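Report on the following structure.
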Amino acid sequence: MTITTENPLVKIEGLHKFYGPHHVLRGIDLTVNQGEVSVVIGPSGSGKSTMLRCVNLLETISAGRISVGGHLIGYREVDGRLHDLKTKEIAAQRREIGMVFQRFNLFPHKTALYNVMEAPVQVKGQPRAAARKRAMELLDRVGLADRAGHYPSQLSGGQQQRVAIARALAMEPELMLFDEPTSALDPELVGDVLNVMKDLAKSGMTMIVVTHEIGFAREVGDRLTFMDGGVVVESGDPREVLSNPQHARTKEFLSRVL
């Protein structure tokens, strides 16, 4: 896929985030085009997950701006000034952005089927029959149609994560965020989750993926961004960055993980 910066689906400009005196994000710029898979790598504490949480409005930004689909996230601009959106408006924006976390966060007292059905019924007001049909289609897509009646405690970590992906897709988001979705899994379970993500990429889903899976970045990513210390150190075609990093810090990091 050819990377361009025309009309990106996601545009992050000058993003800063402070936690008290701790300056976590220090002017992040990132663009993601429609249908692009943008992979973000870097050491723990580099700000990768915080950046994702800002995109999904789970964190308020300290400075800068984020746009998704041409709309400012969390704010409206009036006469050059930013005004906070109301809670209801923020919830509406968040519905357009699916997010899959390190931990699966499934409802333990609900089956896989009902975990996937819940948000479309409760948030979008979908009829239960339609939501159930769609949930079964999504469980089939992630290879778990035969586990629809199982509770999270009856599923492996990899299966729970695939249910979590199906749950996010049930809201029909225009953007999917993945925050190290395989880091909590046993090694033998990682492949099934990555295969589902590869299938999503092939279908044209726009994705920002924070991961340590360098093979996934090389095979599936359209852009690879290396972050460290709250800044973007290097960004470009994954094959180029991985085979010929230009920054000394990128070289050092890759020498430890490749």
Side-chain angles (χ1 to χ4, degrees), residues 9-10 32 34-37 52-53 55-59 66-76 84-179 181 192-209:
L9 180 69
V10 182
V32 185
Q34 183 79 43
E36 190 172 289
V37 178
L52 279 193
R53 292 174 65 84
V55 174
N56 201 35
L57 294 161
L58 295 176
E59 298 284 357
I66 301 171
S67 298
V68 175
H71 300 286
L72 271 177
I73 290 295
Y75 301 90
R76 111 169 16 91
D84 291 342
L85 292 182
K86 297 177 181 177
T87 301
K88 188 174 182 180
E89 294 171 310
I90 289 175
Q93 286 191 332
R94 191 178 285 135
R95 286 200 293 270
E96 300 300 318
I97 304 171
M99 188 158 182
V100 178
F101 300 87
Q102 296 178 38
R103 296 291 175 179
F104 327 118
N105 298 326
L106 299 177
F107 297 116
H109 60 292
K110 292 183 181 293
T111 63
L113 176 63
Y114 279 89
N115 265 281
V116 179
M117 285 177 56
E118 186 75 8
V121 171
Q122 299 298 330
V123 179
K124 283 191 165 185
Q126 280 189 9
R128 297 189 72 83
R132 181 186 182 91
K133 181 175 183 293
R134 178 61 176 154
M136 284 302 303
E137 291 171 353
L138 289 169
L139 286 173
D140 183 56
R141 182 175 183 179
V142 301
L144 291 173
D146 61 338
R147 297 290 191 273
H150 287 57
Y151 291 89
S153 62
Q154 298 171 310
L155 301 173
S156 70
Q159 290 170 335
Q160 289 184 62
Q161 191 62 293
R162 283 185 279 156
V163 172
I165 293 172
R167 180 179 61 179
L169 292 173
M171 292 296 287
E172 300 181 334
E174 60 179 340
L175 170 68
M176 284 285 286
L177 309 176
F178 292 86
D179 186 7
D192 290 338
V193 173
L194 292 180
N195 285 337
V196 169
M197 294 169 64
K198 291 174 186 177
D199 176 68
L200 283 180
K202 289 177 183 176
S203 74
M205 174 64 73
T206 308
M207 301 159 62
I208 304 178
V209 182

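Nothing here was measured: the structure is a model prediction, and the numbers come from that model. Sequence positions, counted from 1, serve as the residue numbers for this chain.
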Measure the [atom1]-[atom2] distance between [X] and [Y] for me, rounded to the nearest 0.5 Å.
X	Y	atom1	atom2	result
D140	D146	CG	CG	9.5 Å
L85	L72	CG	CG	8.0 Å
M205	E174	CE	CD	9.5 Å
L52	E59	CG	CD	11.5 Å
L177	M99	CG	CE	5.5 Å
Q159	Q154	CD	CD	10.5 Å

Query - Partner set under side chain to side chain donor-acceptor pair (under 3.5 Å) for D179, not counting sequence neighbours - result: S49
**Report entry** Counterpart residues, side chain to side chain donor-acceptor pair (under 3.5 Å), relative to Q93 (two or more places apart)
**Finding:** none
Query - salt bridge (charged side-chain N to carboxylate O under 4.0 Å, His left out) partners of residues 126-136, not counting sequence neighbours, each pair once - result: K133-E137, R134-E137
Requested in this report: Write out all pairs satisfying salt bridge (charged side-chain N to carboxylate O under 4.0 Å, His left out) with one or both partners inside residues 88-106, taking only residues at least two apart or from two chains.
Outcome: R76-E89
**Report entry** Counterpart residues, salt bridge (Lys or Arg N to Asp or Glu O under 4.0 Å), relative to D199 (two or more places apart)
**Finding:** R141
Would you list the atom pairs, donor with acceptor, under 3.5 Å between side chains in residues 160-169 and any protein atom, with sequence neighbours excluded?
unit_1 : atom_1 : unit_2 : atom_2 : d
Q160   : NE2    : P152   : O      : 3.3
Q160   : NE2    : L155   : O      : 3.3
Q161   : NE2    : F101   : O      : 2.9
Q161   : NE2    : P181   : O      : 2.8
R162   : NH1    : V142   : O      : 2.9
R167   : NH1    : N105   : O      : 2.9
R167   : NH2    : F104   : O      : 3.0
R167   : NH2    : N105   : O      : 3.3

Query raised in the report: Nearest heavy-atom pair of Y75 and D84: which atoms, and what distance?
Result: CE2-OD1, 2.9 Å
**Report entry** Heavy-atom closest pair, residues L175 and I208
**Finding:** CD1-CG1, 4.3 Å
Just list the side-chain donor-acceptor pairs under 3.5 Å for residues 117-127, sequence neighbours left out, or say none.
unit_1 : atom_1 : unit_2 : atom_2 : d
K124   : NZ     : M171   : O      : 3.0

Side-chain donor-acceptor pairs of residues 106-113 under 3.5 Å, sequence neighbours excluded:
unit_1 : atom_1 : unit_2 : atom_2 : d
T111   : OG1    : Y114   : N      : 3.2

